[in-house]
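Please read the structure below before turning to the comments.
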Amino acid sequence: MAGLRQTRTLFSTLTTTLSKLHVSRTPVVTTVPTISVFQPSRVGKYTVGIHTSTNLHNLSEFFDDKKNWGEQEVKVGRSWKKDELRIKSNDDLHKLWFVLLKERNMLLTMEHDAKQEYRLFPNPERIDKVEDSMKNLEDVVVERNRAYWMLETGETGERPTGVITDELGIRRRRRFCQYFIPSWMHHQKKETVHRGAAICKFQRLMREKNFLTKRRYYRRVRGHVYMLWRRFPNMNVEALQRQYPEVDVRLLQKHKKARGHHLQNEA
Amino acid sequence: MSTRFYPRYYLGNPQLRVFLPNFVMKLIKPPNPQPPNVVTFIVSTQMTKFDIQNYLEKIYKVPVASINTHIHMGEIKRSKVGGYLIKDDDYKIAYVTMPKTETFEFPDLYPSEKEEKMEKEMEQIKLLQKDWSKKIQQHKHRPGMPSWFGA
């Protein structure tokens, strides 16, 4: 059990810095009047308002602000964009992630309670905004990770993938993972997996199905092109060929099915 | 994704750390009455008890004494249109016991003052609607007549 505990212990101690957050929930631009306490030349008229999250670290963080309880509408800003996140430091992104995580937990708690009480949950798009922000943040982190790996090792550092033949004999791309035992030490050889009678039968049927699907598709395209030739005999051949590269348009034009019964087609 | 892909852990290796945890915890009203120091959560199904404890202690700074969890099976019901079966997602419920000194009571998220205010507003709207419909009745046979002609 101790080993398990060690393997699954979460979260670095970096979260201890959460109490001194200087990141607002959503980017809000507020007008701040110029005060001569600072050097007046350096303080702009419009600055980004610095919000400090409350120092409350307890279960009340699972609920919205008290003033929003029972409201019909809660107005919030927009989600974080990637470009805004790219100029932040890793430390800031790490802190922001936990802000967003708490915000999402709060919103989901409020939504759940609203559902239980048959009440209105105001502005449910807040959840989407937070999730959008989280996705953007993670994308930015992945970008940085990839750049670092490329610089240091020449590889992307992503999870390796490859095309393999699976148990049903179908070729597909799979994401690889690590094993404690190397593949050459495994008891079961990989070549023997898809050789059984049932698998052979399945593959045969699968091939037949694929073939029929493909044939049906070509047949449909061909019929469509016949119909086009019949209705518009003076069509641009190159343009038609470009649109339907699966079939030979010139060949189909000579076919009986491509000839209409109009006067201009009688020759 | 590289941020969500962790190498296998061998005994003696440096500890694996989750830098961007994306677990979800919802604080819910307990389905059955609980002691005052017990909090009920719906958590991500893949979370273990250690995960829950670390999550609460490190992120929310909530002291944890013990945790009980179980996975609740989602409801299976029959579709009213097609007659086929529909199953909701499973979810994990965690009963987190805090030390005896701590207490928690689920707050009333819909205060009665705001309810009364809303009701008053609704009454106003109903009055206005009544007036409006009365006006419409008066001008029933004069469609398109501007209001500045008088009643």
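So that the names make sense, note that chain A is the first sequence line, chain B the second, and so on, each numbered from 1. Note that the structure is a prediction, hence the values are computed from the model and not measured.
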Exercise. In terms of the angle between their ring planes, are A/Phe180 and B/Tyr10 parallel, tilted or perpendicular, with boundaries placed at 30° and 60°?
Worked result: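 Taking B/Tyr10 first and then A/Phe180, their aromatic rings stand perpendicular (interplane angle over 60°).
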Could you tell me which non-hydrogen atom of [X] sits nearest to which non-hydrogen atom of [Y], and how far apart they are?
X	Y	answer
B/Leu109	A/Met110	CD1-SD, 3.9 Å
B/Arg8	A/Gln178	N-OE1, 2.6 Å
A/Phe98	B/Ile59	CE2-CD1, 3.6 Å

Problem set entry | Residue among A/Leu137, A/Asn68, A/Leu93, A/Leu108 with most heavy-atom pairs under 4.5 Å to chain B |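 Result: the option with the highest number of such pairs is A/Leu108.
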For this session: Would you mind reporting whether B/Tyr60 and A/Phe62 have side-chain heavy atoms less than 4.5 Å apart?
Result: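 They are in contact (side-chain heavy atoms under 4.5 Å apart), so the answer is yes.
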Exercise. Any side-chain heavy-atom pair from B/Phe41 and A/Leu59 closer than 4.5 angstrom?
Worked result: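 Touching, per the 4.5 Å side-chain cut-off.
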To the closest 0.5 Å, what do you measure between [atom1] ([X]) and [atom2] ([Y])?
X	Y	atom1	atom2	answer
B/Tyr110	A/Asp113	OH	CG	5.0 Å
B/Tyr55	A/Asn105	OH	CG	4.0 Å
A/Cys177	B/Tyr6	SG	OH	15.5 Å
A/Arg104	B/Met25	CZ	CE	12.5 Å

Evaluate whether atom [atom1] of [X] has more than 12 neighbouring non-hydrogen atoms of other residues, nucleotides or ligands under 6.0 angstrom away.
X	atom1	result
A/Phe176	CZ	yes
A/Glu73	CD	yes
B/Lys135	NZ	no
A/Glu152	CD	yes
A/Trp149	CH2	no
B/Lys87	NZ	yes
A/Ile181	CD1	no

For this session: Decide, yes or no, whether a salt bridge links B/Glu115 with A/Arg119 under the criterion of side-chain N to carboxylate O below 4.0 Å.
Result: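 Judged by the 4.0 Å cut-off on N to carboxylate O distance, B/Glu115 and A/Arg119 do form a salt bridge.
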Problem set entry | Contact class of A/Gln116 relative to chain B, heavy atoms under 4.5 angstrom |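 For A/Gln116, neither part sits under 4.5 Å from chain B.
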Exercise. Which bit of A/Gln72 comes within less than 4.5 Å of chain B, counting heavy atoms only: side chain, backbone, both or neither?
Worked result: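 Just its side chain gets close to chain B.
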For this session: Let me know if B/Glu102 has heavy atoms under 4.5 Å from chain A in its side chain, its backbone, both or neither.
Result: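 Neither part, no heavy atoms under 4.5 Å.
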For this session: Would you mind checking which part of B/Pro111 comes under 4.5 Å of any heavy atom in chain A, side chain (CB onward), backbone (N, CA, C, O), both or neither?
Result: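 Only the side chain of B/Pro111 comes within 4.5 Å of chain A.
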For this session: Apply side chain to side chain contact (heavy atoms under 4.5 Å, CB included) to B/Leu27 and A/Met106, showing your working.
Result: CA-CA 8 Å; B/Leu27 207 165; A/Met106 183 276 283; over 6 Å; no
For this session: Could you check which of B/Ile42, B/Val39, B/Asn22 has the highest count of heavy-atom pairs closer than 4.5 Å to chain A?
Result: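 Among the listed options, the one with the most contacts to chain A is B/Asn22.
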For this session: Run the ring-centre check on A/Phe63 versus B/Phe106 and record whether the distance is less than 6.0 Å.
Result: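 For A/Phe63 and B/Phe106, the ring centres are under 6.0 Å apart.
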For this session: Could you tell me whether a side-chain N or O of A/Arg159 sits under 3.5 Å from a main-chain N or O of B/Phe5, the two making a donor and an acceptor?
Result: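 No, the answer is negative, given that no donor and acceptor are paired below the 3.5 Å cut-off.
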Exercise. Any sub-3.5 Å donor-acceptor pair from A/His112's side-chain atoms to B/Ile28's backbone N or O?
Worked result: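 No, the answer is negative, given that no donor and acceptor are paired below the 3.5 Å cut-off.
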